[in-house]
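Right, one structure below, let's go through it.
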Amino acid sequence: MADPNFEEIRCALCGADRTQVVFHRPYQVAAICDNAVYTASTDEFQDYGRIVRCLDCGLIYTNPRPLPGSLLKGYADCVDENYLAESSSRSINAHLSLNTLKRFIKSGKLLEVGASTGYFLNAARTDFDVVGLEPSEWAGRIARERFKLDVYPESFLTTQRFAPCSLDCVAMIDVIEHLPDPARAMARAAELLRPGGILYLVTPDVSSLSARILGSYWWGLRPAHIYFFDGRTLGKMLDKAGFEVLQVESFGRIFSWGYWAGKMRHYPAWIYQPLLWMIRSLGIEEKVLYINTRDSMEVLARKR
């Protein structure tokens with residue numbers, strides 16, 4: 001009997017249903033309801049379910065997966081106090097994204113989908129007229145109160161706040177891999193962007209060297225991620241939505257040594273334990289470090 005908490009789906013890129021299992025760590029239903037699964041700062045990388053590859057187009061995705069309503073509730077209820085502990089680093093990372101974006105667009109109306117607590121919008125507001133959508137009540141409140149940003153708890157697919165062709169840029173930073181229908185989200189972005197408008201994406205790269213080496217231990221495999229792109233499958237989906245890909249590059253980030261170490265807690269002990277010992281011995285937990293593991297993609301695409 002099928003589990004009523006999950007649904008079987010077809011490939012979001014080509015619609016086929018012929019798949020091959022790539023990884024399988026069975027879901028724990030109780031864990032899917034745990035707030036930690038939905039936080040950006042989570043180190044919960046286990047029990048991510050069955051991950052398959054489409055035999056027709058190569059897209060990798062979770063199947064079966066939690067129902068969209070369950071996912072939405074998880075994000076709406078999400079509280080992530082640890083996220084704020086790296087405020088300085090997150091502000092710097094936001095400016096890294098902004099600097100790349102400004103190579104292709106200098107100003108205009110910018111919407112961030114999945115704005116979280118507002119670091120990127122706060123960085124972008126010096127050049128753009130910014131607005132955000134964020135399902136987490138907690139994160140949206142912080143963005144409004146701390147940064148005085150216009151951030152709304154509305155669905156990107158159904159919001160009536162924006163007219164067609166009214167936006168100059170749409171940003172989704174570590175978002176597209178969470179969405180139940182990424183192809184529809186890209187089509188929605190194309191609908192709202194003016195001709196020549198820019199879509200900015202950051203998402204894990206499942207074809208990266210580190211993803212292939214770490215296999216089932218890779219950080220990108222987590223319960224809240226339900227799609228796993230590489231440059232080819234993401235490019236195909238963008239093309240179908242009406243975008244021309246302008247740039248695909250690896251994306252690094254700045255965080256404290258302690259934060260980076262915490263992300264490796266579920267990796268094999270021979271990787272995690274020596275690193276943790278070194279960091280504590282040197283007393284550098286709070287020092288910041290830029291790392292580019294080359295397993296996140298920064299993608300810019302232009303609406304045709």
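- For the pair N82/T39, no side-chain contact is recorded, criterion being any heavy-atom separation below 4.5 Å from C-beta on.
- Side chain of N63 to backbone of I9: a donor-acceptor contact under 3.5 angstrom is found.
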Is there a side-chain contact (heavy atoms from CB on, under 4.5 Å) between V299 and T203? Walk through the geometry before answering. CA-CA 8 Å; V299 180; T203 190; 5.5 Å; no
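- In this structure, Y290 and L96 have side chains that are in contact, with non-hydrogen atoms separated by less than 4.5 Å.
- Salt-bridge annotation for D174 and R253: present, with a side-chain N of the basic residue lying under 4.0 Å from a carboxylate O of the acidic one.
- Without hydrogens or angle criteria, R65 side chain to Y227 main chain gives no donor-acceptor distance under 3.5 Å.
- Looking at E285, its side chain never comes within 3.5 Å of a backbone N or O of S256 through a donor-acceptor pair.
- Nearest heavy-atom pair, T19 versus C54, reported as atom, atom and distance to 0.1 Å: CG2-CA, 4.3 Å.
- Within the 3.5 Å criterion, the main-chain N or O of L84 finds a donor-acceptor partner in the side chain of S87.
- When atom types are taken as modelled, the side chain of R212 and the backbone of S207 share a donor-acceptor pair closer than 3.5 angstrom.
- K109 has a carboxylate O that lies under 4.0 Å from a charged side-chain N of D129, or vice versa, which qualifies the two as a salt bridge.
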Check against side-chain contact (heavy atoms from CB on, under 4.5 Å), V22 and V206: CA-CA 11 Å; V22 182; V206 73; over 6 Å; no
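- When atom types are taken as modelled, the side chain of S136 and the backbone of A139 share a donor-acceptor pair closer than 3.5 angstrom.
- Environment of CZ in R53: sparse, with no more than 12 heavy atoms of neighbouring residues, nucleotides or ligands closer than 6.0 Å.
- Here the shortest heavy-atom pairing between K303 and F243 reads N-CD2, 3.6 Å.
- In summary, R144 and E134 do not engage in a salt bridge, as defined by a charged side-chain N under 4.0 Å from a carboxylate O.
- Across I254 and I92, no two heavy atoms sit closer than the pair CD1-CG2, 3.5 Å.
- Salt-bridge check for D127 with K106: failed, with every basic side-chain N at 4.0 Å or more from each acidic carboxylate O.
- D56 CG to C11 SG: the interatomic distance, rounded to the nearest 0.5 Å, is 8.0 Å.
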Test L110 against L101 for side-chain contact (heavy atoms from CB on, under 4.5 Å), laying out the working first. CA-CA 11 Å; L110 182 151; L101 178 63; 3.7 Å; yes
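- Between atom CE of residue M297 and atom CG of residue D205 there is a gap of 4.5 Å, rounded to the nearest 0.5 Å.
- Side-chain atoms of L149 and V130, non-hydrogen and from C-beta on, do get closer than 4.5 Å to each other.
- With rounding to the nearest 0.5 Å, the separation of OG1 in T117 from CH2 in W138 is 6.0 Å.
- Separation of atoms CE (M237) and OG1 (T233) is listed at 7.0 Å; rounding is to 0.5 Å.
- Taking a 6.0 Å sphere around CZ of R304, one finds it holds more than 12 heavy atoms contributed by other residues, nucleotides or ligands.
- Ring planes of F120 and Y200: parallel class, angle under 30° (limits at 30 and 60°).
- The CG atom of D168 sits 12.0 Å away from the CG atom of L192 when rounded to the nearest 0.5 Å.
- Atom CG of L13 sits about 12.0 Å away from atom CD1 of I60, to the nearest 0.5 Å.
- Considering only heavy atoms from C-beta on, L209 stays 4.5 Å or farther from R294 through its side chain.
- Within 6.0 Å of CD on E8 lie more than 12 heavy atoms contributed by other residues, nucleotides or ligands.
- Hydrophobic clustering of Ile, Leu, Val, Met, Phe, Trp and Tyr side chains at less than 4.5 Å, counting indirect connections, unites F229 with L238.
- Between P68 and E7 the shortest side-chain heavy-atom distance falls below 4.5 Å.
- Taking the ring axis of F162 as reference, the NZ or CZ atom of R194 does not stay both within 45° of it and closer than 6.0 Å to the ring centre.
- In this structure the side chain of M186 reaches within 4.5 angstrom of the side chain of I176, judged on heavy atoms.
- Side-chain atoms of R232 come within 3.5 Å of backbone N or O of C57 as a donor-acceptor pair.
- When hydrophobic clusters are built by joining Ile, Leu, Val, Met, Phe, Trp and Tyr residues whose side-chain heavy atoms come closer than 4.5 Å, directly or via intermediates, W218 is grouped together with F255.
- Between L179 and A185, the closest heavy-atom pair is CD1-CB, 3.6 Å.
- Side chain of Y48 to backbone of S216: a donor-acceptor contact under 3.5 angstrom is found.
- Under the 4.5 Å side-chain heavy-atom criterion for Ile, Leu, Val, Met, Phe, Trp and Tyr, V245 and L300 are members of distinct hydrophobic clusters.
- The backbone N or O of G235 lies less than 3.5 Å from no partner atom in the side chain of D239, so there is not a single donor-acceptor pair.
- Using a 4.5 Å cut-off between side-chain heavy atoms of Ile, Leu, Val, Met, Phe, Trp and Tyr, with links allowed through other members, F128 and I198 fall into the same hydrophobic cluster.
- Tracing side-chain contacts under 4.5 Å through hydrophobic residues (I, L, V, M, F, W, Y), one never reaches L67 starting from Y27; they form parts of separate clusters.
- When all heavy atoms of W260 and L289 are compared, the pair lying nearest together is NE1-O, 3.1 Å.
- Using the six-membered ring where Trp is involved, Y119 and Y83 have ring planes that are tilted, between 30° and 60° apart.
- The side-chain heavy atoms of S97 and F251, taken from C-beta on, include a pair separated by under 4.5 Å.
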Step by step, would you call I51 with F228 a side-chain contact (heavy atoms from CB on, under 4.5 Å)? CA-CA 9 Å; I51 297 174; F228 307 89; 3.7 Å; yes
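- In terms of modelled atom types and a separation under 3.5 Å, the side chain of E137 and the main chain of P135 share no donor-acceptor contact.
- Taking each heavy atom of V21 and R50 in turn, the nearest pair found is CG2-CD, 3.8 Å.
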